[in-house]
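We name chains A, B, ... by the order of the sequence lines, and we start the count at 1 in each one.
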Amino acid sequence: MPELPDVELLRRYLDGQALRQRIERVHVGDARILADLSAPQFAAKLEGRAFEASRRHGKHLLVRLTGDGWLTLHFGMTGDLAYFENVADDPPYDRVRFDFAKGGHLAYLNRRMLGRVGLADDAEAFIVAEQLGPDALDPAFDIASFESALDGRRRDVKALLMDQSLMAGIGNLYADEILFQARLHPRARTDRLDRAQRRRLFEQIKEVLETAIACGAGAEQLLERLPDGYLLPERQAGGHCPRCGTALATLKSGGRTSYFCPRCQPDPQR
DNA sequence: CGTTATGTTCGATG
DNA sequence: GCATCGAACATAAC
């Protein structure tokens, strides 16, 4: 679930449910998710405090704590948040649970355990330490900074979009959608894109991510809500291009599958 | 049993 | 240094 649009929706969910409530107790269901911290260390930092505000950078959710410091959440492939009133409703794969004094609970869920929950003193320092590039939706990430990310690199365009150190937030699914909308083959090389192609790509990064947020990324109804002409609802075995009806093609690299339309996104003859 | 999955990292290799 | 590839991590679904 968690690429930039999904994490943005999770951020809003957390804001709507869990801000400004005293955290009475922290329950760590599986300490492996905490990386280098011990469960007692982690709990001690949070108990008695509250979530004050949140921000997102790429796929990371950062939650400011009363007093000082931040809770950091990364969701891997299967991470999610759930707020509920009764502990009996605690969903499966609850790895960390915050019990609020008012009675509600916020759980960080993660089936595959590929994410991370941690603490940071400073949000900016955390972003630097994680070697994250600019958030893909940050207005400061403009066409000029996009050009400089491309500058001097000769890579497959899809690999570039997903490189979190160049721009943060895009994963395998939304990279496919962005490339489809920009009509670029996943293996098109960045050093061979002309000016118009680069501009189209940049515009679709913004457009696709904003559209996914507006349509409620992460919700089950996302695929129905996306505009006509979006690839994601067809992005599966047997899917067809929403624009021309051609059977979608797939290719694999780095263990990930790309879906694309061989007609609308022709192979640039690498 | 084999394959696949919205992520990231590490080692090997060119 | 740059880029790619496969494997690993961990878990479940098909």
Side-chain angles (χ1 to χ4, degrees), chain A residues 1-11 29-36 56-61 72-81 91-96 108-118 126-127 129-133 135-136 148-180 186-192 205 208-209 211-213 215-223 226 230-239 248 250-260 270:
Chain A
M1 214 197 132
E3 298 183 36
L4 185 155
D6 315 282
V7 177
E8 176 59 21
L9 271 286
L10 289 175
R11 189 188 72 74
D30 192 325
R32 288 174 300 171
I33 209 74
L34 299 177
D36 45 346
R56 182 190 53 68
H57 191 100
K59 304 172 188 177
H60 293 261
L61 179 52
T72 65
L73 302 170
H74 188 265
F75 297 91
M77 282 173 146
T78 53
D80 200 359
L81 294 175
Y93 313 113
D94 177 343
R95 310 304 188 184
V96 178
Y108 168 91
L109 315 174
N110 202 326
R111 177 160 62 78
R112 286 175 64 189
M113 298 284 303
L114 294 176
R116 280 288 170 274
V117 175
F126 173 81
I127 290 162
E130 293 286 318
Q131 302 188 61
L132 298 174
D135 181 83
S148 69
L150 286 173
D151 195 33
R153 292 173 209 281
R154 313 158 152 232
R155 306 179 66 177
D156 291 353
V157 64
K158 182 164 175 180
L160 179 124
L161 290 180
M162 292 173 61
D163 186 335
Q164 303 300 301
S165 71
L166 297 179
M167 64 198 84
I170 300 169
N172 198 32
L173 256 46
Y174 287 105
D176 278 359
E177 186 66 62
I178 289 163
L179 292 171
F180 177 72
R187 289 242 163 104
R189 298 208 359 174
T190 52
D191 54 324
R192 302 212 188 131
I205 289 171
V208 165
L209 296 176
T211 298
I213 291 170
C215 293
E220 288 178 15
Q221 312 89 318
L222 170 69
L223 296 183
L226 287 172
Y230 262 57
L231 176 73
L232 285 176
E234 286 292 319
R235 192 189 177 282
Q236 54 188 306
L248 296 180
T250 62
L251 63 80
K252 206 161 266 210
S253 77
R256 326 307 302 275
T257 304
S258 295
Y259 286 77
F260 64 102
R270 45 203 341 265

**Message:** Within the 4.0 Å heavy-atom criterion, would you say A:Arg116 contacts the bases, only the backbone, or no part of the nucleic acid?
**Reply:** nothing
**Smallest separation among heavy atoms of A:Ala212 and A:Leu226, with atom names** = CA-CD2, 4.5 Å
**Request:** Can you check each nucleotide of nucleotides 8-14 of chain C against protein heavy atoms at under 4.0 Å and return B for base, S for sugar-phosphate only, - for none, in 5' to 3' order?
**Result:** -BBBS--
**Message:** Looking only at the side chain of A:His74 (C-beta and beyond, no hydrogens), which of the listed nucleotides C:dT4, B:dT8, B:dT6 gets closest?
**Reply:** B:dT8
**Prompt:** Would one find more than 12 heavy atoms of other residues, nucleotides or ligands at under 6.0 Å from atom CD of A:Glu220?
**Reply:** no
**Request:** For A:Lys59, enumerate each residue passing the salt bridge (Lys or Arg N to Asp or Glu O under 4.0 Å) test, keeping only those at least two apart in sequence or located in another chain.
**Result:** none
**Request:** Write down the distance between NZ (A:Lys158) and C1' (B:dG7), rounded to a whole number of angstrom.
**Result:** 13 Å
**Message:** Expected output check: what is the dot-bracket annotation of DNA chain B, where ( ) and [ ] are pairs inside the strand (brackets for crossing ones), | is paired with another strand, and pairs are Watson-Crick or G-U under 3.5 Å?
**Reply:** .||||.||||||||
**Request:** Can you tell me, in whole Å, how much space there is between the P of C:dA8 and that of B:dG2?
**Result:** 14 Å
**Item:** Euclidean distance, atom CD of residue A:Gln131 to atom C1' of B:dT9 [Å, nearest integer]
**Value:** 11 Å
**Prompt:** Of all the choices, C:dA3, B:dA5, B:dT6, which nucleotide is nearest to the side chain of A:Leu173 once you look at every atom?
**Reply:** B:dT6
**Asked** Is there a side-chain contact between A:Leu73 and A:Val7 (heavy atoms, below 4.5 Å)?
**Response** no
**Message:** Can you check the distance between C:dG6 and B:dT3, where both ends of the measurement are the C1' atom (answer in whole Å)?
**Reply:** 16 Å
**Asked** Roughly how many Å is it from CE in A:Met77 to P in B:dT8, rounded to a whole number?
**Response** 9 Å
**Request:** Examine B:dG7: is either OP1 or OP2 under 4.0 Å from a nitrogen or oxygen in the side chain of A:Lys59? Give yes or no.
**Result:** yes
**Nucleotide nearest A:Lys252 when distance is taken to its side chain, options C:dC5, B:dA5, B:dG7** = B:dA5
